[in-house]
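Residue numbers start at 1 and run along the sequence shown.
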Amino acid sequence: MLPISAVPHPLPSAKRAAAAVPADGRPRAPSRWYGIALAGGLAVVAWQLGRWFPLIGGPVMGILLGMLWRNTVGVSPVFVPGIGYSSRQVLKWSIIGLGFGLSLGQVVQTGASSLAVTLVTLTTAFVAAWLLGRWLGLTGHLRTLIGVGTAICGGSAIAAVAPIIKPDDHDTALAISTIFLFNVVAVLVFPPLGHWMGLSDAGFGLWAGTAINDTSSVVAAGYSYSTAAGDIATIVKLTRATLIIPICIGLALWTAWRARQAETRVSLAQIFPWFILWFLAASGIRSLGLIPESLLSFLHLGSQFLIIMALTAIGLSSDLRRMAVAGARPLLLGLGVWMAVSLSSLAVQWGMSSL
């Protein structure tokens, strides 16, 4: 669902010291509010740029502005807690807010209709990761992490699976960096590709919801295409995210069997994406008519801004130099699995005549 990038590298020592020490000479302690203010300020700029350039949109502008700031100006350690909070918790609140704009019947219908495509793309991701990963000579743990991240929900899925299969930190970092790179690429290339292929709002929403790794990138790409496509893509992605539970249980049992362990403990409370329930609750409140129509438009605008803010924070967490030194083979695996999932999603939709 949400990317869990490594803690951003601080600025070089001289710049870091200057950024962390205000005029009175006393060093500032890291605070959540500094990072929230930085992400929010850049999000305001991205929001306006998105209005000036609607074909690109505010979400994409947020990611690009965040990446530009991170890799030019840099990010002082005092901003790190707030940036992490914005990239994870703020996005969850934005998705919950989107639930107020959707009826519960629409959510259930869209989720159920997308299940066939979701299951096909899930299977495709794991098979492609296993075959291509073996051919590239990558470790089993890295193949699993990239496969799970591509199939379900990016960095959040990797975080949920890592304690079960216990990879080393290097494999986890490579998987997260690879998944994040293709999340950003997807936000940039999916909308123009969808228009080029002439996809309907429903077709693009289903494609984005099943073929893009991370929830934030799905939301960004969907709403860059159209509001209707964004609504559908969000529902499809949340349906897909719930599959992390059976996947984690299956991997836990597989790991236990291979290790000849008698017991394996899996905490459903820790791996379950609880914000999905709040999204459904918001949709139910909307369906019951408990919120005035005049207030719903403000909730939708607020959710859109929170999406831009969360994506800006994700951009602020991306270190392009760190991705560059990760090596070519993980990137090739991520690219291959991502393309297999994208093409299989389109193929299933074409077979169902739902494009």
Side-chain angles (χ1 to χ4, degrees), residues 1-2 32-33 35-54 56-63 82 85-114 187 191 201-202 204-205 208-209 215-239 241-242 273-314:
M1 289 163 286
L2 303 179
R32 178 181 294 177
W33 293 109
I36 291 175
L38 176 60
L42 290 176
V44 172
V45 178
W47 175 288
Q48 185 59 49
L49 289 174
R51 296 180 64 182
W52 288 341
F53 304 98
I56 300 177
V60 176
M61 287 294 187
I63 287 183
Y85 181 86
S86 298
S87 65
R88 294 186 293 270
Q89 298 301 322
V90 170
L91 180 68
K92 293 178 182 179
W93 284 109
S94 71
I95 292 174
I96 293 170
L98 291 175
F100 289 110
L102 301 167
S103 68
L104 192 58
Q106 180 184 357
V107 172
V108 173
Q109 180 180 1
T110 302
S113 63
S114 68
V187 173
D201 290 336
F204 183 84
T215 304
S216 59
S217 300
V218 170
V219 171
Y223 284 102
S224 294
Y225 198 79
S226 70
T227 299
D231 290 343
I232 293 171
T234 300
I235 297 171
V236 172
K237 183 65 183 70
L238 296 183
T239 302
T242 60
W274 291 103
F275 71 96
I276 295 178
L277 294 183
W278 290 108
F279 171 86
L280 294 174
S283 181
I285 292 173
R286 158 67 187 271
S287 301
L288 293 174
L290 299 179
I291 298 180
E293 289 291 332
S294 58
L295 184 58
L296 290 176
S297 60
F298 290 102
L299 289 173
H300 184 69
L301 285 175
S303 298
Q304 288 183 324
F305 177 77
L306 291 179
I307 289 170
I308 296 174
M309 181 175 170
L311 293 170
T312 302
I314 290 170

Handout entry: Separation of Leu299 CG from Phe100 CZ (nearest 0.5 Å)
Key = 6.0 Å

Handout entry: Minimal non-hydrogen separation, Pro191 against Ala221, with atom names
Key = CG-O, 3.8 Å

Exercise for the section: Determine, stepwise, if the pair Met309 / Ile36 fulfils side-chain contact (heavy atoms from CB on, under 4.5 Å). Expected result: CA-CA 9 Å; Met309 181 175 170; Ile36 291 175; 3.5 Å; yes

Problem - Closest approach of Ser86 to Gly35 (non-hydrogen atoms, all atoms of both residues) - result: OG-O, 4.5 Å

Practice task
In sequence, state the C-alpha distance, the side-chain angles, and the governing distance for Tyr223 and Thr234, and then conclude on side-chain contact (heavy atoms from CB on, under 4.5 Å).
Solution key: CA-CA 9 Å; Tyr223 284 102; Thr234 300; 3.8 Å; yes

Handout entry: Heavy-atom side-chain contact between Ile232 and Tyr225 under 4.5 Å
Key = no

Problem - Closest contact, heavy atoms only, Ser226 versus Asp201 - result: OG-OD1, 2.9 Å

Practice task
Could you pull out the closest heavy-atom pair between Ile308 and Trp47, with the gap in Å?
Solution key: CD1-CE3, 3.6 Å

Completion exercise
Note: Ala39 and Thr312 closest approach over all heavy atoms is O-CG2, 3.9 Å

Exercise for the section: Drop me the distance from Leu306's CG to Gln89's CD, to the nearest 0.5 angstrom. Expected result: 12.5 Å

